[in-house]
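Residue numbers begin at 1 in each chain, while the letters A, B, ... track the order of the sequences.
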Protein chains: 4
Amino acid sequence: MNGWVGYITNQSVINMQTTTISSDTPVGNKRERRKEARPGELLDAALNLFVNKGYSATKVEDVAASAGVSKGTLFLYFPSKEDLFKAVIRANLAEHFPTWNQEFEEFQGSTSEMLEYALVSWWQRIGSTDASGITKLVMSEANNFPEVVQFYDQEVIRPGHALFKRILQRGIDCGEFATFDAEQAVHSLVSAILYVNMWKHSLACNALQNSLSPETFLRNHAYLLAQGWRRT
Amino acid sequence: MNGWVGYITNQSVINMQTTTISSDTPVGNKRERRKEARPGELLDAALNLFVNKGYSATKVEDVAASAGVSKGTLFLYFPSKEDLFKAVIRANLAEHFPTWNQEFEEFQGSTSEMLEYALVSWWQRIGSTDASGITKLVMSEANNFPEVVQFYDQEVIRPGHALFKRILQRGIDCGEFATFDAEQAVHSLVSAILYVNMWKHSLACNALQNSLSPETFLRNHAYLLAQGWRRT
Amino acid sequence: MNGWVGYITNQSVINMQTTTISSDTPVGNKRERRKEARPGELLDAALNLFVNKGYSATKVEDVAASAGVSKGTLFLYFPSKEDLFKAVIRANLAEHFPTWNQEFEEFQGSTSEMLEYALVSWWQRIGSTDASGITKLVMSEANNFPEVVQFYDQEVIRPGHALFKRILQRGIDCGEFATFDAEQAVHSLVSAILYVNMWKHSLACNALQNSLSPETFLRNHAYLLAQGWRRT
Amino acid sequence: MNGWVGYITNQSVINMQTTTISSDTPVGNKRERRKEARPGELLDAALNLFVNKGYSATKVEDVAASAGVSKGTLFLYFPSKEDLFKAVIRANLAEHFPTWNQEFEEFQGSTSEMLEYALVSWWQRIGSTDASGITKLVMSEANNFPEVVQFYDQEVIRPGHALFKRILQRGIDCGEFATFDAEQAVHSLVSAILYVNMWKHSLACNALQNSLSPETFLRNHAYLLAQGWRRT
DNA sequence: GATGAATGAGTGTTCATTCAT
DNA sequence: AATGAATGAACACTCATTCAT
């Protein structure tokens with residue numbers, strides 16, 4: 001479930017941590033364990049609701065209820081709904097690019113194949129899961145939360161862009177692709193990811209919805225671009 | 001507020017028309033002329049505010065005030081805020097299709113050139129103007145206003161999709177392109193438009209912002225895809 | 001259509017008057033005749049809408065439209081909606097008690113029969129027509145228009161009460177009824193009229209609605225009371 | 001605001017209860033006690049304002065203020081103004097039926113006496129209090145709130161009708177009354193109640209007002225009808 | 001006189017936030 | 001720390017009334 005647009009359930013993070021601790025020390029009572037888990041549970045609940053219902057359509061009370069606490073408790077941990085939103089985004093932008101970068105290093109095969117692999121596995125690991133909702137959220141609320149855009153840019157856009165650029169450069173360097181401006185070319189790849197994302201999250205109850213098969217589209221898109229870039 | 005070439009504020013359209021008429025016939029009374037101009041003025045104001053402040057953050061009273069009328073007057077022309085939204089979509093996006101379809105019919109040149117022309121002139125006429133903000137708006141508010149999505153789908157997505165498909169089919173039919181599934185291929189084209197759109201409207205206050213030159217990107221994208229589709 | 005709770009369409013009043021005039025003078029053009037008829041047409045339209053939709057649910061624009069004029073014109077004749085309401089009530093409280101009083105004088109038969117005749121013919125002439133809506137209107141808006149209650153009292157309640165009292169007194173005087181307080185007894189008669197009226201106008205779309213057959217009920221009620229009053 | 005015998009303001013009911021409890025158990029915190037009292041206080045305030053100013057003329061904010069809370073608090077207990085209306089009906093009229101039905105079961109005496117008792121005690125418990133204004137209210141707003149009429153029908157008219165019918169049937173069964181259609185006869189009884197009601201609430205500022213002594217009228221009316229129904 | 005475009009005060013309802021307990 | 005009752009600012013929409021034409 002983790003990947004480029006990093007996602008990790010807060011709960012599991014917290015629980016792992018808690019478990020680790022509890023193996024060494026005598027188990028605290030349930031109350032205390034819950035107390036430590038609170039913020040994480042709230043972030044999880046908030047992510048889920050924000051993604052599925054939208055930021056403004058989500059009531060803080062729903063988030064609290066979904067996390068099993070009262071409205072007042074939420075405000076104990078997050079001073080405002082806006083802060084909760086920022087925390088949700090921040091918490092879900094874990095850096096998992098190291099993994100992806102490593103896969104890049106170890107990849108055997110042509111760069112064309114690597115491109116296809118990159119797009120398709122984005123879909124399988126991120127796009128098809130709730131994690132892709134983060135991007136939708138950031139885009140939708142961009143006007144209201146410029147800060148959020150800032151750290152999304154830092155944590156996701158730039159690393160992603162850099163990785164794609166390295167892939168393209170590999171193709172150029174090894175002579176598979178012609179020489180071209182990799183910096184610009186990255187956008188053509190990323191556009192497909194954004195497209196699938198918005199299609200999924202904004203055009204949900206839509207007749208045309210089914211006219212797009214994400215995986216096939218991404219595969220075709222990668223192939224098509226690789227064709228265009230190939231040394232002729 | 002006017003774009004490079006084709007985007008004309010509703011107001012100016014009306015005014016041009018009125019001016020033309022008034023040169024031949026005695027001018028109608030001021031009250032009537034205003035009545036004809038009102039919807040256009042309101043649509044202009046609404047587009048501007050919706051795009052710059054967001055749909056929900058814009059109060060109908062602001063729109064009215066910005067158009068120089070009172071709240072009540074707005075409701076004289078548009079039954080609800082949501083209808084105003086739809087009217088903005090129609091006036092700024094949907095209305096262009098007849099022209100575009102005609103341009104397609106009359107286009108002289110290769111299909112590759114036509115693709116480039118289509119994407120670049122989208123940028124010049126829509127992308128670079130406030131009108132492009134509408135798409136961002138629809139995506140952002142998709143969860144809250146499913147009916148608007150429906151409307152956007154019907155009035156913009158479908159006609160746009162159909163037009164691109166006809167362009168691709170032209171390329172296939174005249175032997176310039178290989179035979180492929182035009183229906184699916186359209187998505188690769190549209191993804192570039194959406195990408196530029198979101199880049200402009202959601203990543204506005206962003207350092208990377210300048211790393212994308214919309215017109216160059218679109219030109220490259222069109223070229224690249226055409227390369228990939230070309231009969232080998 | 002006229003009767004105790006007097007009702008006469010304004011239009012016919014006006015028309016009669018107009019006709020009378022026009023038989024002596026050359027007929028004015030249609031415009032002028034309409035002009036004179038305006039207030040009456042408005043009152044008719046208002047009565048109809050007020051009765052069927054209620055006072056506040058009726059928009060002045062609807063009244064105007066229903067009378068075939070514009071909103072502005074209505075305000076030319078009636079300074080406000082409230083004034084229109086008062087005018088409607090006043091115009092429809094014509095005194096038709098003379099007719100009813102005469103019928104009383106000429107009535108052949110027992111007082112019991114007369115009571116039955118009075119209630120049943122109220123239903124036939126008033127209750128079953130739109131005219132009965134006036135009473136509903138007055139009752140409903142009593143709080144907001146105390147004046148209206150005043151002249152309804154003067155024009156309808158008092159004359160009606162007086163007439164019923166004379167009927168009862170006739171029964172007492174001729175020995176058909178025992179001696180009792182006719183003044184108070186009237187209320188028992190009138191209660192049936194009010195009851196049918198409210199049942200009709202306030203419990204319209206109601207399942208129990210059909211459980212009341214107005215004419216039968218009134219007949220029974222009259223019979224029952226006469227039984228009670230009869231000298232034993 | 002309290003009536004002769006049975007009408008108890010919601011507040012006092014609650015307070016009595018609270019007092020009783022608090023004599024045995026330590027008092028709950030102030031916040032909680034208020035929470036229990038709130039609905040009653042709001043219902044009292046609403047009844048008072050609705051009856052005296054009319055339903056639409058009463059702003060929810062007025063009701064809240066009159067109960068000493070803010071607008072938002074009212075919506076914590078009643079989902080809408082219409083629901084508040086229904087709750088007022090239930091608390092002040094519908095709630096009485098269990099008691100009344102029980103009194104019917106336990107009543108010792110002739111059916112004639114029971115009829116008189118029923119009408120007179122209606123006056124003492126309801127008619128002479130603000131609660132009687134509800135019927136007037138429902139009648140007045142019938143056109144605007146059909147759902148309220150539905151509710152009133154279900155909760156008040158039907159139970160009331162059923163109760164009166166049982167009383168009449170008792171008289172028929174035990175041979176005190178002749179055999180007749182009890183279903184229809186009920187209307188003659190109810191008409192007196194409605195009459196007194198409308199007289200009180202719609203003809204308030206009226207000279208004739210004093211010509212009706214409710215209790216005497218109801219007593220006479222019951223007697224008169226019983227006479228008519230009596231086996232001859 | 002007649003029109004109808006324009007007005008703007010008025011109100012039910014929501015929901016993030018506070019704070020006494 | 002946790003609760004949840006209370007708050008009140010915010011906002012779309014209606015409609016009687018006005019007045020320029």
Task: Spatial distance of atom CD (D:Glu41) from atom OG1 (D:Thr73) [nearest 0.5 Å] - done: 11.0 Å
Task: Of the listed nucleotides F:dA16, F:dT3, E:dG12, the one nearest the side chain of A:Ser70 - done: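 Of the candidates, F:dT3 comes closest.
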Open item on the list: Going by ring-ring contact (aromatic ring centres under 6.0 Å, His included), name the residues that satisfy it together with C:Phe85, two or more places apart in sequence or in a different chain.
Closed with: C:Phe50, C:Tyr55, C:Phe145
Open item on the list: Taking the nucleotide of DNA chain F with the nearest heavy atom to each, does C:Glu82 or A:Leu76 sit closer to the 5' end?
Closed with: A:Leu76
Rounding to an integer number of Å, can you tell me how far [X] [atom1] sits from [N] [atom2]?
{"X": "C:Leu74", "N": "E:dG4", "atom1": "CG", "atom2": "C1'", "answer": "14 Å"}
{"X": "D:Asp83", "N": "E:dG12", "atom1": "CG", "atom2": "C1'", "answer": "13 Å"}
{"X": "A:Lys71", "N": "E:dT14", "atom1": "NZ", "atom2": "C1'", "answer": "11 Å"}
{"X": "C:Leu84", "N": "F:dT17", "atom1": "CG", "atom2": "P", "answer": "10 Å"}
{"X": "B:Leu42", "N": "E:dA6", "atom1": "CG", "atom2": "C1'", "answer": "12 Å"}
{"X": "B:Phe75", "N": "E:dA5", "atom1": "CZ", "atom2": "P", "answer": "18 Å"}

I'd like to check the salt bridge (Lys or Arg N to Asp or Glu O under 4.0 Å) partners of [X]; sequence neighbours left out, ordered by chain and number.
{"X": "C:Lys71", "value": "C:Glu61"}
{"X": "C:Lys86", "value": "C:Glu147"}
{"X": "A:Arg90", "value": "none"}

Open item on the list: Given 3.5 Å as the limit, does a donor-acceptor pair link the side chain of C:Asn92 with the main chain of C:Val88, or not?
Closed with: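 Flag set: sc C:Asn92 to bb C:Val88 pair under 3.5 Å.
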TODO: Check for a donor-acceptor pair, side chain of B:Asn52 on one end and backbone N or O of B:Asn48 on the other, with a separation under 3.5 Å.
DONE: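 Checking the backbone N and O of B:Asn48 against the side chain of B:Asn52, a donor-acceptor pair under 3.5 Å is found.
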TODO: For D:Pro79 and for C:Val69, find the nucleotide of DNA chain E with the closest heavy atom, then tell me which residue's nucleotide is more 5'.
DONE: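 Nearest nucleotide further toward 5': that of C:Val69.
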- [ ] Let me know, please, whether B:Gly72 or A:Gly72 comes out on the 5' side of the other along DNA chain E by nearest nucleotide.
- [x] B:Gly72
Task: Side-chain heavy atoms of D:Val138 within contact of D:Ile134, under 4.5 Å - done: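 Yes; the side chains approach each other to less than 4.5 Å.
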Open item on the list: What I'd like to find out is whether the side chain of B:Arg38 reaches to under 4.5 Å of the side chain of B:Leu76, using heavy atoms alone.
Closed with: no
Open item on the list: Short of 4.0 Å, heavy atom to strand atom, which residues of residues 48-63 of chain C count as contacting DNA chain F?
Closed with: C:Thr58, C:Lys59, C:Val60
- [ ] Both distances under 3.5 Å, Watson-Crick or G-U wobble: on that basis, could you give the dot-bracket string for DNA chain E, with [ ] for crossing pairs and | for other-strand partners?
- [x] .||||||||||||||||||||
TODO: Ignoring backbone atoms, test whether D:Tyr77 places a side-chain nitrogen or oxygen under 4.0 Å from the OP1 or OP2 oxygen of F:dA5.
DONE: no
Task: Under-4.0 Å side-chain N/O to phosphate OP1/OP2 contact, B:Thr73 with E:dA6 - done: no
